[in-house]
Protein chains: 2
Amino acid sequence: MVTTTVAEPRQQADTRERILDAAEELFTLYGFDGTSTRMITSRARVNLASVNYHFGSKEALIQEVFRRRLTWLNHERLRVLDELEREAGGAPVKPHLIVEAFFGVALRMAADEQHGGHTFMRLLGRTYSEPSEFIRTFLAEEYESVVERFKAALFKALPDVPREEILWRFHFMLGAMAYAISGIDALKLLTDCQLDENDPGALARRLMPFLIGGLRAPLPEPAAKPEKAVKADKKPRQAD
Amino acid sequence: MVTTTVAEPRQQADTRERILDAAEELFTLYGFDGTSTRMITSRARVNLASVNYHFGSKEALIQEVFRRRLTWLNHERLRVLDELEREAGGAPVKPHLIVEAFFGVALRMAADEQHGGHTFMRLLGRTYSEPSEFIRTFLAEEYESVVERFKAALFKALPDVPREEILWRFHFMLGAMAYAISGIDALKLLTDCQLDENDPGALARRLMPFLIGGLRAPLPEPAAKPEKAVKADKKPRQAD
DNA sequence: GTATGATTTAAACAAATGTTTGAAACGAGC
DNA sequence: GCTCGTTTCAAACATTTGTTTAAATCATAC
């Protein structure tokens with residue numbers, strides 16, 4: 001609250017931010033292809049050419065929409081994991097704490113209606129299943145180091161679980177969260193539920209037990225190879 | 001193998017099918033907005049105008065792409081559920097069997113590389129988080145009766161679990177499966193895994209335990225209302 | 001063969017897209 | 001006041017989009 005001396009002193013260099021905010025909202029509502037630069041600039045009440053002037057292209061704008069918030073999100077995830085590993089002092093961190101670090105940070109950001117975090121996380125959730133090549137490449141790069149760290153932590157925490165299996169379950173957890181935070185209810189499953197209004201943390205409280213439950217589920221039986229009868233130990237092993 | 005007397009006797013009324021097949025593949029690869037009618041018709045090797053001639057519009061084509069396979073999928077789901085309820089003879093069907101009926105049918109279809117089921121299920125998985133209004137409306141209508149039946153079955157199978165909670169977990173399971181069958185690995189988590197090639201059932205064997213584990217997870221603590229200290233029973237209740 | 005209805009074809013349509021342009025307006029430093 | 005680099009602006013650009021049109025072709029029954 002320093003700069004605002006006069007009410008609306010004609011926006012200056014905040015044109016960038018206005019574009020980013022408008023783009024974030026419209027991408028969330030209508031997708032990347034479904035949002036034109038004209039929709040963005042008219043919502044942001046800036047000139048059409050300013051998207052290309054400030055960002056170079058629509059693709060670059062899309063990337064900036066993500067970078068703006070993703071950088072903080074993933075730094076925060078690493079910070080929490082760092083602290084957990086510091087507390088553990090060399091010992092493995094409990095699996096549910098690792099999951100809580102990765103997904104909890106995201107869910108808390110999604111619960112933040114004030115600073116646009118909610119809108120962004122809805123967009124991010126949708127974007128996990130975006131077909132566009134350049135977006136997926138970009139996302140994977142942004143996540144690379146975080147994913148590596150969390151993979152390592154989970155491997156260490158679950159030494160008896162096949163690494164493949166851990167990765168698959170990470171994959172499944174990601175899918176469950178992505179769809180949940182996208183806010184889309186494609187099958188109208190939740191229309192009857194009162195949507196836990198004015199309780200931003202509700203989703204996290206409901207989702208986290210589900211994720212942990214999935215992670216800890218008994219391991220699947222190995223594939224029954226027809227050429228040799230594999231003797232599988234019948235009592236299912238717990239994943240952690 | 002009845003009609004093909006001469007090799008390629010000039011395609012006739014199978015133009016519809018050729019368009020549907022091409023559209024299915026391209027929608028899966030590039031999304032609805034990212035796929036133009038020209039891409040579709042050139043891949044199908046039919047004339048540009050035939051999309052509008054046979055289907056009326058691109059939107060109608062999209063709907064037909066889904067209807068063509070979704071009708072069978074959901075009929076099959078209901079058939080399996082019918083049989084389960086018949087076997088149970090009035091008693092509640094075991095929750096994991098209900099889940100297996102709903103998701104197992106989908107996963108088996110996704111494992112069918114021969115008849116295009118694989119491509120379609122990838123498309124369907126992606127489409128759950130499609131922002132476009134008319135597609136979501138259409139999907140919800142197609143699923144309405146199936147969802148009602150499975151909701152009822154789960155309510156009956158889990159009488160002690162709050163219905164809201166059941167719906168949320170159905171929602172979470174749906175998200176996990178949708179992302180998994182979409183075949184998209186946005187965070188490149190699974191690049192190190194050998195992708196269980198030539199084992200189409202692998203995904204189901206891995207996913208089902210995860211879903212069941214999530215469904216059976218301990219119920220979340222109720223929201224801590226600040227105005228009154230709610231005494232929550234501390235031992236977490238199992239969901240089934 | 002000829003007529004009739006269904007289908008295919010090439011060409012064109014208007015509308016919308018991302019991007020570029022060159023001039024105008026602005027802001028800070030002198 | 002003047003200058004210079006930055007930002008804004010209206011207009012235009014070339015493509016691409018979904019769709020339509022009217023003629024040509026095909027298939028079938030008489």
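Side-chain atoms are counted along with the backbone in the values below, which use heavy atoms only and exclude waters and symmetry mates. Chain naming here is simple, since letters A, B, ... match the order of the sequence lines and numbering starts at 1 in each.
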message: Applying the salt bridge (charged side-chain N to carboxylate O under 4.0 Å, His left out) criterion to A:Asp21, which one of A:Arg16, A:Arg68, A:Arg45 satisfies it?
response: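 Filter result, single survivor: A:Arg68.
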- request: State which residue, out of A:Arg69, A:Arg126, A:Arg122, fulfils the salt bridge (charged side-chain N to carboxylate O under 4.0 Å, His left out) condition with A:Glu24.
  value: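 It is A:Arg69, the one option of A:Arg69, A:Arg126, A:Arg122 that forms the salt bridge (charged side-chain N to carboxylate O under 4.0 Å, His left out) with A:Glu24.
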query: Does A:Ser50 use its side chain to pair, donor to acceptor, with the backbone of A:Tyr53 at less than 3.5 Å?
result: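 Absent.
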Closer than 4.0 Å, any side-chain N/O of [X] to the OP1 or OP2 of [N]?
X: B:Asn52; N: D:dG18; answer: no
X: A:Ser50; N: D:dT7; answer: no
X: A:His54; N: D:dT6; answer: no
X: B:Ser36; N: D:dT16; answer: no
X: B:Ser57; N: D:dG18; answer: no

Residue met sooner reading DNA chain C from 5', once A:Met39 and A:Asn47 are mapped to nucleotides: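 Upstream on the strand: A:Met39.
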- request: Would you work out how much the helix from C:dG1-D:dC30 to C:dC30-D:dG1 bends between its ends, with each end axis defined by five base pairs, to 10 degrees?
  value: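 For the helix from C:dG1-D:dC30 to C:dC30-D:dG1, the axes at either end differ by 0°.
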task: Report the residue from A:Tyr179, A:Phe103, A:Phe172, A:Phe210 that forms a ring pair (Phe, Tyr, Trp, His ring centres under 6.0 Å) with B:Phe172.
output: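 One option only clears the test, and that one is A:Phe210.
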query: Honestly, is A:Arg163 close enough over A:Phe155, meaning NZ or CZ under 6.0 Å from the six-membered ring centre and within 45° of the axis?
result: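 Yes, a cation-pi geometry.
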query: How would you label the contact of B:Thr35 with the nucleic acid (heavy atoms, under 4.0 Å): base, sugar-phosphate, or nothing?
result: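 Answer is sugar-phosphate: B:Thr35 comes under 4.0 Å of backbone atoms only.
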